[in-house]
Amino acid sequence: MGCAHESGGGPSSYRRSYSTNIDVDYKSTIDPITLYGPGQEPIKAVLYKDAGDEYHPHCDGPCNGQQNQYGVRVVTSILYCQTSDGGGQTLFTRSGMMIMPWPRDLLLFSYKHHNGMWDNGFMKHSGCPITGSRKWIATQWYREGVNYDVPWNMAENV
């Protein structure tokens, strides 16, 4: 597990945490983690271990109010494996809605409306700084239209 980095390879300026991918064998009939579907991004295990570790406000997918684009992220799930006894909430910054999770809670949200248009910033969220014990989450991002032949890393990246 390493310090969070941006896709360009350098240390992240907006995320203070440690993370690693959980690779899933989607073709396995005995692997217990096969429900996410072929072609999706790996599940990301994220540890917030030090006071002040956080994830600054961001959108996991488009939040520009534009028309849907094939292959981009449309839904996020966050499984709260361990919650901190101080801080660590998930805050939807534009609406002000704060999620105060318990261990084993699952948060699921979409940034694509039923009419095919993207959210216009209401799904922008942050992981509030922890002030107490560790916080562990597992995040999965879902994309429309990906599969074995066109996996997430060949689709439109966000």
Side-chain angles (χ1 to χ4, degrees), residues 1-24 33 35-37 39-66 68-113 117-146 151-158:
M1 180 160 296
C3 187
H5 282 76
E6 295 180 1
S7 59
S12 175
S13 60
Y14 59 93
R15 180 175 43 180
R16 287 187 51 200
S17 63
Y18 301 84
S19 61
T20 191
N21 289 339
I22 301 172
D23 293 314
V24 176
I33 309 178
L35 64 142
Y36 295 110
Q40 298 295 339
E41 294 180 56
I43 300 166
K44 176 79 68 178
V46 183
L47 168 64
Y48 300 84
K49 66 177 189 164
D50 299 317
D53 282 357
E54 65 182 318
Y55 203 150
H56 290 255
H58 64 283
C59 294
D60 292 335
C63 56
N64 55 15
Q66 303 289 320
N68 177 28
Q69 295 173 302
Y70 181 81
V72 299
R73 294 172 176 172
V74 294
V75 173
T76 295
S77 67
I78 303 172
L79 175 62
Y80 298 90
C81 305
Q82 178 182 351
T83 56
S84 178
D85 58 10
Q89 304 91 338
T90 299
L91 173 65
F92 288 89
T93 54
R94 188 163 173 195
S95 69
M97 181 172 63
M98 183 176 288
I99 306 298
M100 298 176 167
W102 291 92
R104 298 188 308 263
D105 280 352
L106 178 71
L107 176 63
L108 182 72
F109 56 95
S110 174
Y111 9 98
K112 180 184 170 192
H113 295 291
M117 301 300 284
W118 293 118
D119 171 67
N120 201 16
F122 282 97
M123 294 300 107
K124 189 174 191 176
H125 60 285
S126 65
C128 297
I130 63 168
T131 59
S133 60
R134 294 177 171 199
K135 171 183 163 184
W136 277 99
I137 63 171
T139 300
Q140 174 74 45
W141 298 284
Y142 303 88
R143 294 172 183 255
E144 265 186 332
V146 297
W152 72 273
N153 54 351
M154 291 177 61
E156 176 71 27
N157 286 316
V158 173

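Scope of the values below: all heavy atoms of this structure, side chains included, with no hydrogens, waters or symmetry mates.
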Checklist entry - Does Ser133 have any side chain to side chain contact (heavy atoms under 4.5 Å, CB included) partners at least two apart in sequence or in another chain, and if so, which? => result Ser84, Asp85
Checklist entry - From Leu107 CG over to Thr90 OG1, what is the distance, rounded to the nearest 0.5 angstrom? => result 6.0 Å
Checklist entry - Where do Pro42 and Trp152 come nearest, in terms of heavy atoms and distance? => result CD-NE1, 3.5 Å
Item to check | By disulfide (SG to SG under 2.5 Å) - contacts of Cys81 (at least two apart) | outcome: none
Next on the checklist: With a 3.5 Å distance limit and no angle check, can you tell me whether Asp119 reaches the backbone of Phe122 through a side-chain donor-acceptor pair?
Outcome noted: yes
Item to check | For Lys112, side-chain hydrogen bond (donor to acceptor under 3.5 Å, both in side chains) partners two or more places apart | outcome: Glu144
Checklist entry - Where is the tightest heavy-atom contact between Ile137 and Tyr80, given as atom of each residue plus distance? => result CG2-CD2, 3.7 Å
Item to check | Exercise: identify the closest heavy-atom pair between Gly39 and Val146 | outcome: O-CG2, 3.5 Å
Checklist entry - Pro57 and Lys124: which non-hydrogen atoms are nearest, and at how many Å? => result CB-CE, 3.9 Å
Checklist entry - With no hydrogens and no angle check, is any side-chain donor or acceptor of Ser110 less than 3.5 Å from a backbone partner on Val74? => result yes
Checklist entry - Can you find a pair of side-chain heavy atoms, one from Leu47 and one from Lys49, that are under 4.5 Å apart? => result yes
Next on the checklist: Just verifying a value: how many Å separate Tyr142 OH and Thr76 OG1, rounded to the nearest 0.5 Å?
Outcome noted: 9.0 Å
Next on the checklist: For Phe109, give me all partners under ring pair (Phe, Tyr, Trp, His ring centres under 6.0 Å), at least two apart in sequence or on another chain.
Outcome noted: Phe92, His125
Checklist entry - From Arg143 CZ over to Glu41 CD, what is the distance, rounded to the nearest 0.5 angstrom? => result 4.0 Å
Next on the checklist: If I take atom OG1 from residue Thr83 and atom CD1 from residue Ile130, how far apart are they, to the nearest 0.5 angstrom?
Outcome noted: 11.0 Å
Return a table of donor-acceptor pairs under 3.5 angstrom between the side chains of residues 94-105 and protein atoms on other chains or two or more places apart.
unit_1	atom_1	unit_2	atom_2	d
Arg94	NH1	Asn120	O	2.2
Ser95	OG	Met97	N	3.2
Asp105	OD2	Trp102	N	2.8

Next on the checklist: What I'd like to find out is whether the side chain of His56 reaches to under 4.5 Å of the side chain of Ser126, using heavy atoms alone.
Outcome noted: no
Checklist entry - So do Met123 and Cys63 actually touch side chain to side chain, heavy atoms under 4.5 Å? => result no
Checklist entry - Measuring from Ser77:OG to Asp60:CG, what's the distance to the nearest 0.5 Å? => result 10.0 Å
Checklist entry - Roughly how far, to the nearest 0.5 Å, is CD of Gln140 from CG of Leu106? => result 11.0 Å
Next on the checklist: Are Val46 and Tyr55 packed together at the side-chain level, in the sense that at least one heavy-atom pair is separated by less than 4.5 angstrom?
Outcome noted: no
Checklist entry - Distance-only, no hydrogens or angles: does the Tyr111 side chain make a donor-acceptor pair with backbone N or O of Val75 under 3.5 Å? => result yes
